[in-house]
Amino acid sequence: MRRVRTPALVAPALFAATALAGQTTADECDMESFRTLSSRETVIGQRVTWVGSPEVACTDGVRIRADSAVVWEADERTEFYGGFRYLDSERELEADTADYFQREGRLLARGNAELRTLDGATVVRGDTLDLYEGTGGSGQERLEASGRRALALMAPADSSAGAEAAPYEVLADRLRFEGERFLFAEGNVAVERDSLYAAARSLSFDRELGTLVLLEEARVESGATETIGQRITLELPEGEITTMEAEEKAALLSGDLDLSGGWIEVEFDSGSVSYITVTEGDSSDGEGVPEQAAAFAQGLFLTGNSIEVDAPGGVLASVRAEGAARGESLGPEGERPPRPETSPGGDTGGDALPEGAEEAEEEAEADQLLGILDHDWIEGDAVVGSFDSLDPPPEAGEAPPAEEAQYVLTQLHAEGNARTLYRSPPEAAGAEEAGSTPDEPPPERSEWGISYLVANEIRLLFAGGQVEEVIAVGGVSGLQLEPEATFGAGGDESSPEDAAEEPGAPSTEPGP
C-alpha cells in the first residue's frame with residue numbers, strides 16, 4: 001500500500017480529524033492510499049485536487065476514508081463523497097457525504113449520518129450531522145442533528161447498572177449537543193427509557209447531573225401515572241427518578257389518585273411515589289382568583305390552597321388539604337364532580353334581563369342548593385383524608401389495574417373552623433318497627449336524615465363509603481333534620497323524640 005504525502009489533501013483531511021479528535025497535528029497524518037489523483041490550478045497558487053478512494057491515517061489512530069474527495073484550496077474546504085467514515089479511539093462517524101470547512105472548524109455530514117461512541121454509550125443519527133470543533137472559552141465542540149426525526153441514544157451517566165442500563169431514546173426535529181454534558185432538543189420531542197415516556201415542544205438535559213427539563217405542552221408517563229404541565233423537571237441521577245416537578249396548570253393522573261394545581265412536586269423512593277405536594281395556581285379566567293389545588297382519590301374530592309399526599313412505599317396513606325380546605329365523600333364508585341363555573345363580576349349597566357332569565361337563574365340556584373346535599377362534605381382550615389389499602393401493594397414498577405379501586409376512605413378530619421354536612425340512613429331496627437321486611441330495599445339517599453355540624457375539630461369515620469361515626473371537639477353546635485316518615489309498609493311518622501336518638505347524631509367532646 002502506497003504512503004504518499006499530498007499536502008493539498010492531507011491538510012484539509014487533517015483538520016477534519018482535528019475537529020473530532022481535538023489533538024492531531026499535520027505532521028502526524030499521511031494519505032495512506034488512494035486510487036486516482038489529479039490536480040488543476042484554478043488561479044495562481046490555488047488548486048483543486050480530485051482523489052479517488054482516499055484513506056488518511058494518523059499516528060494517534062485517527063482514520064478518514066471515502067469513495068472520493070475534492071479539495072478546494074481557495075475556500076479551504078474538502079468534500080468527501082460516498083461511504084465517508086471517520087474513526088478514532090473513542091468514536092466513529094459515518095455518512096453518505098461530508099464537507100469540512102477549515103476556517104470554521106466545521107464538519108458537515110449528510111445522508112444517513114450516524115455518530116457513535118465505541119463503548120456504545122451514545123449514538124446520534126440524523127439526515128444531517130453538523131459538528132463544530134471547540135472554540136471560545138469553553139473549548140467544547142457542538143454537534144447538531146436535524147432532518148426528519150433526529151435520534152439520540154444515551155446511556156445514563158454513572159449508572160449502577162453499567163453497560164446493562166437501558167439508554168435514553170430521544171427523538172426530535174433538531175438535537176444539539178454542547179460538549180459531552182448538555183443536550184438540547186426542539187420540535188416534537190419524545191423521550192423513552194424502560195417504562196418512562198416523556199413528550200414536549202423542547203427539552204434540555206444535563207447528562208452529568210441527570211436533570212431533564214421539558215418545556216411547553218410537557219407530558220410524562222411512568223407506569224399507570226401521567227403528569228402534564230407547561231414545564232416538567234425530572235431529577236434522574238444514575239437514571240432513576242428521585243423527584244419530578246410540574247408547573248403551570250399541572251396535573252397528575254393515575255388509577256388511584258388525580259391531582260391538579262399550579263405546581264406539583266413528586267418524590268420517589270426506589271422507583272415508587274412516596275410523597276406529593278400540590279399548590280394552587282393562577283386562574284385562567286383573567287379575574288386574578290387563584291385556582292385551588294385539587295385531589296380526587298377513591299371516592300374523595302379534596303380542595304385547598306395546598307395539598308400533600310403521603311404514600312410511603314408507594315401505598316396511599318393520606319391526603320391533606322390546607323387553606324380553605326374542603327373534602328367531599330363521593331362514595332366508593334363516585335365520580336369527581338364538575339368544578340363550579342365562576343361568573344365574571346361587574347355592573348350590568350342597568351340593562352333588563354332577557355325574558356325567562358330570572359326564572360332560569362332561580363332554578364339553577366335551587367339545583368345547586370340541592371346538589372350540596374348529594375354528598376357528605378367537610379370543611380376547615382385543614383382537611384385530612386385517610387385511606388386503607390384493599391389489596392397488597394403491587395410489586396415495584398407494576399401498575400395496579402386502573403379500573404379496580406385499590407383503596408377505601410376510612411376517615412375525614414377537619415382541623416380549625418370545622419363544619420360538616422352529612423346524611424345518615426335509618427337504623428335497621430326502625431325499619432322492622434315500621435313493618436318492613438328484611439328483603440325490602442333501603443330508602444333512597446334523599447330520604448335519609450341530614451346533619452349539619454360546626455366545631456373546632458370534626459372527624460368523620462366511614463364504613464362502606466358512608467359516615468359511620470362523627471366526633472366533634474370544641475364549640476360544638478349544629479342541626480339535625482329527619483324525614484317526615486320512615487320507610488316501610490306502615491308509613492308511620494317519626495316524632496321529634498325519635499329524631500334525637502338517630503345514630504347519625506354526633507358524639508361530642510368538650511373543647512380544650
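Residues: numbered from 1 along the sequence shown.
Contact annotation: the side chain of Phe462 never approaches that of Thr410 to less than 4.5 Å [non-hydrogen atoms, C-beta and beyond]. Counting heavy atoms from C-beta outward, Arg193 and Glu169 have side chains that stay 4.5 Å or more apart. At least one side-chain heavy atom of Leu460 sits less than 4.5 Å from a side-chain heavy atom of Ile458. Taking the side chain as every heavy atom from C-beta outward, Val213 and Arg231 approach each other to under 4.5 Å. Annotation: side chain of Phe182 is not in contact with side chain of Arg207 (no heavy-atom distance under 4.5 Å). Side-chain contact between Leu151 and Val124: absent, with no pair of heavy atoms (C-beta onward) separated by less than 4.5 Å. Annotation: side chain of Val123 is not in contact with side chain of Leu115 (no heavy-atom distance under 4.5 Å). Between Met154 and Pro167 the shortest side-chain heavy-atom distance does not fall below 4.5 Å.
Closest non-hydrogen pair, Ala200 versus Leu214, comes out as CB-CB, 3.8 Å. In this structure, Ala293 and Thr279 approach most closely via the heavy-atom pair CB-C, 4.1 Å. Nearest approach of Gly83 to Asp67, heavy atoms of both residues: N-OD2, 3.9 Å. Nearest approach of Ala321 to Leu302, heavy atoms of both residues: CB-CG, 3.7 Å. Of all the heavy atoms in Ser68 and Pro54, the pair that sits closest is CA-CD, 3.9 Å. Taking each heavy atom of Ser202 and Val189 in turn, the nearest pair found is CA-CG2, 3.9 Å.
Taken to the nearest 0.5 Å, the OG atom of Ser274 stands 8.0 Å off from the CG atom of Asp310. How far CG of Leu153 is from CD of Glu114: 8.5 Å, rounded to the nearest 0.5 Å. Taking OG1 of Thr243 as the reference point, atom CD of Glu267 lies at 7.5 Å (rounded to 0.5 Å). In this structure, CG on Leu175 lies 12.0 Å from CZ on Phe184, to the nearest 0.5 angstrom. Separating the CZ atom in Arg110 from the OG1 atom in Thr97 is a distance of 4.0 Å, to the nearest 0.5 Å. One distance of note links CD1 of Ile232 with CE of Met244; it measures 6.5 Å at 0.5 Å rounding.
Within the 3.5 Å criterion, the main-chain N or O of Val266 finds no donor-acceptor partner in the side chain of Tyr275. Looking at Asp194, its side chain never comes within 3.5 Å of a backbone N or O of Leu196 through a donor-acceptor pair. A side-chain donor-acceptor contact under 3.5 Å links Thr117 to the backbone of Thr122. Of the possible polar contacts, none joining the Asp75 side chain to the Arg77 backbone as a donor-acceptor pair under 3.5 Å is found.
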Q) side-chain contact (heavy atoms from CB on, under 4.5 Å) between Val309 and Ile307: does it pass, once the steps are laid out? A) CA-CA 7 Å; Val309 179; Ile307 289 177; 4.2 Å; yes
Q: Quick one: do Thr78 and Val70 satisfy side-chain contact (heavy atoms from CB on, under 4.5 Å)? Show the steps, please.
A: CA-CA 6 Å; Thr78 302; Val70 180; over 6 Å; no
Q: With side-chain contact (heavy atoms from CB on, under 4.5 Å) as the test, would you mind laying out the steps for Thr225 and Leu252 before giving the verdict?
A: CA-CA 7 Å; Thr225 300; Leu252 184 149; 3.8 Å; yes
Q: Check step by step if salt bridge (charged side-chain N to carboxylate O under 4.0 Å, His left out) holds for Arg142 and Asp130.
A: CA-CA 8 Å; Arg142 183 171 84 250; Asp130 211 346; over 6 Å; no
Q) Checking side-chain contact (heavy atoms from CB on, under 4.5 Å) for the pair Leu107/Asp99: CA distance, chi angles, key distance, verdict? A) CA-CA 6 Å; Leu107 178 66; Asp99 293 346; over 6 Å; no
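The aromatic rings of Phe296 and Phe301 sit tilted relative to each other, their planes meeting at an angle between 30° and 60°. Ring geometry, Phe80 versus Phe84: the interplanar angle falls from 30° to 60°, so the pair is classed tilted.
In this structure Glu94 satisfies the side-chain hydrogen bond (donor to acceptor under 3.5 Å, both in side chains) test together with Arg116, sequence neighbours excluded. In this structure Arg419 satisfies the salt bridge (Lys or Arg N to Asp or Glu O under 4.0 Å) test together with Glu379, sequence neighbours excluded.
For the residue pair Gln102/Glu76, the side-chain donor-acceptor check at 3.5 Å is satisfied. Glu235 and Thr211 are linked by a side-chain donor-acceptor pair at a separation below 3.5 angstrom, with hydrogens and angles left out of the test. Under 3.5 Å, the side chains of Tyr132 and Glu104 contain no donor-acceptor pair of N or O atoms.
A salt bridge links Arg85 with Glu92: at least one charged nitrogen is closer than 4.0 Å to a carboxylate oxygen. The residues Arg219 and Glu226 are annotated as salt-bridged, a charged nitrogen and a carboxylate oxygen being separated by less than 4.0 angstrom. Looking at Arg91 and Glu141, a side-chain N of the basic residue comes within less than 4.0 Å of a carboxylate O on the acidic one, giving a salt bridge. Glu144 has no carboxylate O lying under 4.0 Å from a charged side-chain N of Arg174, or vice versa, which leaves the two without a salt bridge.
The environment of Glu178 atom CD is dense: over 12 non-hydrogen atoms of other residues, nucleotides or ligands sit within 6.0 angstrom. Counting heavy atoms of neighbouring residues, nucleotides and ligands inside a 6.0 Å radius, atom CD of Glu180 does not exceed 12 of them. Heavy-atom neighbours of Arg181 CZ from other residues, nucleotides or ligands within 6.0 Å: above the threshold of 12. A 6.0 Å sphere centred on CZ of Arg201 holds no more than 12 heavy atoms belonging to other residues, nucleotides or ligands.
Each salt bridge (charged side-chain N to carboxylate O under 4.0 Å, His left out) pair with one or both residues in residues 407-417, not counting sequence neighbours, appears once here: Arg320-Glu415.
Under the 6.0 Å cut-off for aromatic ring centres, Tyr168 and Phe205 qualify, their centroids lying closer than that.
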